[in-house]
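First up is the structure itself, then whatever we jot down about it.
Small disclaimer: the values here were computed from a predicted structure and weren't measured. Numbering starts at 1 and runs along the sequence shown.
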Amino acid sequence: MSSDAGAARTASESARASALPQVIIAKYGTRVGRRSEVYLNYPLYGYDDADIGMDYFFWIVRDADRTIIIDTGFSAEGAANRSRTTLITPAEVLERLGIDVGTVEHVVITHAHYDHIGNLGLFPRAQFIIAQREYDFWSSRHAQRRQFHHSVEDAELVTLRRLHDEGRVRTFHGSLALSPDVELREVGGHTPGQSIVLVQTSEGPVLLASDAVHYYEELERDMPFMSVANLVEMYEGFDTINELVRTARVAHLVAGHDPATLERFTPITTAGLQEFVATIGRWDGN
């Protein structure tokens, strides 16, 4: 290969990399629980009980053409009803990042628990994307059963249904390519239509596991989370994610609630967000 051809190839690869999305991981809340409260049938494993932190995140995928919000965090009401600590609101994170919520066109809902759909009203122009099976379940009579209902806010489900009636909810079955570099996959388990998000970045493929994997330890020790709609599907989700990582189809796994998550990635050091926000992939802002 000539030096000119090599230079052209390098320039082309660099341009491709710079066009890929950046993933932003934003922590907005926290709490401390007990390991026996967090893991399903915890005494089976023979580990001592202890305190365990749980952080709350939402995620942003952006490139030169679009900004996609992945979940919207818990609301003030949802936090108060469960004694959760808000560190910074999702709205403030977005404002400090210079993201105009009025221009966001796509919001992905990985599942409909209170800490993932608490601020849908922030996005007046957005289309909301959710697995059909997830939407159907939370519109069914089983959504009111205590083992499920404790994880949702009725007013937020009403908002989701209203948005659906207004034609602003897009549903999918199995998987959906939201853009050439962003794919949604339904895995179930934690909730009937729990979804994960795969994103191609300049630093390699990223898997936003949301609550398919709350803690990295869940995968490492094969320990399901206590809140589960279908245990077999949760285990299948673990197997799917482990295989994606093993075969290098995923380079970066982002767990949904693990306090160690931000330490694994590059912190944002501007706008006073270094405690709350980390990134994967480059983005020049143009």
### Main-chain N/O of A131 paired with E134 side-chain donor or acceptor, under 3.5 Å
no

### Query
Is the shortest heavy-atom distance from the side chain of T67 to the side chain of D100 under 4.5 Å?
no

### Query
H190 and ring-ring contact (aromatic ring centres under 6.0 Å, His included): which partner among H257, H116, H214?
H214

### Query
Below 4.0 angstrom, N of the basic side chain to O of the carboxylate: do R35 and E217 qualify?
yes

### Task
Kindly give the heavy-atom pair with the smallest separation between F225 and M234, and that separation in Å.
N-SD, 3.7 Å

#### Entry: Spacing of CD1 belonging to I241 relative to CZ belonging to R246, to within rounding of 0.5 Å
15.0 Å

### Task
Indicate the atoms forming the closest heavy-atom contact of T85 with F74, along with that distance.
O-CZ, 4.0 Å

### Query
Closest heavy-atom contact between V38 and Y215?
CG1-CE1, 3.5 Å

### Task
Indicate the ring-plane relationship of W138 and H113, choosing parallel, tilted or perpendicular according to the 30° and 60° boundaries.
perpendicular

### Message
Once rounded to the nearest 0.5 Å, what's the spacing between atom CD of E275 and atom OG1 of T269?
### Response
13.0 Å

### Query
So, are D49 and R34 salt-bridged, with charged N and O less than 4.0 Å apart?
yes

### Message
Would you say that more than 12 heavy atoms from the other residues, nucleotides or ligands in this model lie under 6.0 Å from the CD of Q274, or not?
### Response
yes

### Task
Kindly indicate whether the side chain of V169, heavy atoms from C-beta on, has any atom under 4.5 Å from the side chain of I130.
yes

### Task
Look up atom CZ in R249 and atom OG1 in T240, then write down how far apart they are to the nearest 0.5 Å.
9.0 Å

### Query
So, do R170 and F128 sit near enough that their side-chain heavy atoms are less than 4.5 Å apart?
no

### Message
Let's go through S75 and E156 carefully: what are the C-alpha distance in whole Å and the side-chain angles of both, what is the deciding distance for side chain to side chain donor-acceptor pair (under 3.5 Å) to 0.1 Å, and is it a yes or a no?
### Response
CA-CA 9 Å; S75 66; E156 293 163 6; 3.0 Å; yes

#### Entry: Salt bridge present between R185 and E183 (N-O < 4.0 angstrom)
yes

### Query
Do you see a donor-acceptor pair shorter than 3.5 Å between the side chains of D136 and Q132?
yes

### Message
Quick check: closest heavy atoms across L20 and S202, and the distance to 0.1 Å?
### Response
CD1-N, 3.8 Å

### Query
Any Lys/Arg nitrogen of R66 or E105 sitting under 4.0 Å from an Asp/Glu carboxylate oxygen of the other?
no

### Message
Is there a continuous path of hydrophobic side-chain contacts, each under 4.5 Å between heavy atoms, that joins V93 to W59?
### Response
yes

### Query
Side chain of R133, backbone of P192: donor and acceptor closer than 3.5 Å?
yes

### Query
Under 4.5 Å between any side-chain heavy atoms of H111 and S195, yes or no?
no

### Query
Do you know which two heavy atoms are closest between A255 and Y216, and how far apart they sit?
N-OH, 3.3 Å

### Task
Would you check, one step at a time, whether the test side chain to side chain contact (heavy atoms under 4.5 Å, CB included) holds for D55 with T261?
CA-CA 9 Å; D55 285 348; T261 300; over 6 Å; no

### Query
Just by modelled atom types, is the D48 backbone N or O under 3.5 Å from a matching donor or acceptor in the Y42 side chain?
yes

### Query
Does the side chain of I129 reach to within under 4.5 Å of the side chain of T171, using non-hydrogen atoms?
no

### Query
With a 4.5 Å heavy-atom cut-off, do P224 and Y235 have their side chains touching?
yes

### Task
Show your working on side chain to side chain contact (heavy atoms under 4.5 Å, CB included) between L207 and H252 and close with a plain yes or no.
CA-CA 6 Å; L207 192 156; H252 307 284; over 6 Å; no

### Task
Measure the shortest side-chain to side-chain distance between F123 and L94 over non-hydrogen atoms and say whether it is less than 4.5 angstrom.
yes

### Query
Taking the six-membered ring of Y114, is NZ or CZ of R82 closer than 6.0 Å to its centre and within 45° of its axis?
yes

### Task
May I have the step-by-step check of side chain to side chain contact (heavy atoms under 4.5 Å, CB included) for Q22 and D63, ending in yes or no?
CA-CA 6 Å; Q22 178 187 59; D63 60 21; over 6 Å; no

### Message
Give me each pair satisfying ring-ring contact (aromatic ring centres under 6.0 Å, His included) with a member in residues 150-186, each pair once, sequence neighbours excluded.
### Response
Y135-H164

### Query
What's the verdict on side chain to side chain donor-acceptor pair (under 3.5 Å) for Q194 and D211, showing C-alpha distance, side-chain angles and the deciding distance?
CA-CA 7 Å; Q194 169 76 57; D211 287 8; 5.8 Å; no

### Task
Check whether L184 and F58 end up in the same hydrophobic cluster, where Ile, Leu, Val, Met, Phe, Trp and Tyr are linked by side-chain heavy atoms less than 4.5 Å apart.
yes

### Query
Under 6.0 Å between the ring centres of F137 and F148?
yes

### Query
Is the count of non-hydrogen atoms from other residues, nucleotides or ligands lying under 6.0 Å from Q147 atom CD greater than 12?
no

### Task
Test side chain to side chain contact (heavy atoms under 4.5 Å, CB included) on I280 and V254 and set out the steps.
CA-CA 10 Å; I280 309 172; V254 180; 3.9 Å; yes

### Message
Regarding R146 and H149, do their side chains bring together a donor and an acceptor under 3.5 Å, going by distance alone?
### Response
no

### Task
Return yes if a side-chain donor-acceptor contact under 3.5 Å exists between R221 and Y45, otherwise no.
no

#### Entry: Minimal non-hydrogen separation, E233 against G189, with atom names
OE1-N, 3.3 Å

## Note on the structure
Taken to the nearest 0.5 Å, the spacing of L97 CG from F276 CZ works out to 12.0 Å

### Query
Is the backbone of T89 close enough, under 3.5 Å, to the side chain of T86 for a donor and an acceptor to pair up by distance?
no

## Note on the structure
CD1 of I69 to CG of N119, rounded to nearest 0.5 Å, is 11.0 Å

#### Entry: L198 side, atom CG; L244 side, atom CG - distance, nearest 0.5 Å
6.0 Å

### Message
Quick check: do V277 and I25 have side-chain heavy atoms less than 4.5 Å from each other?
### Response
no

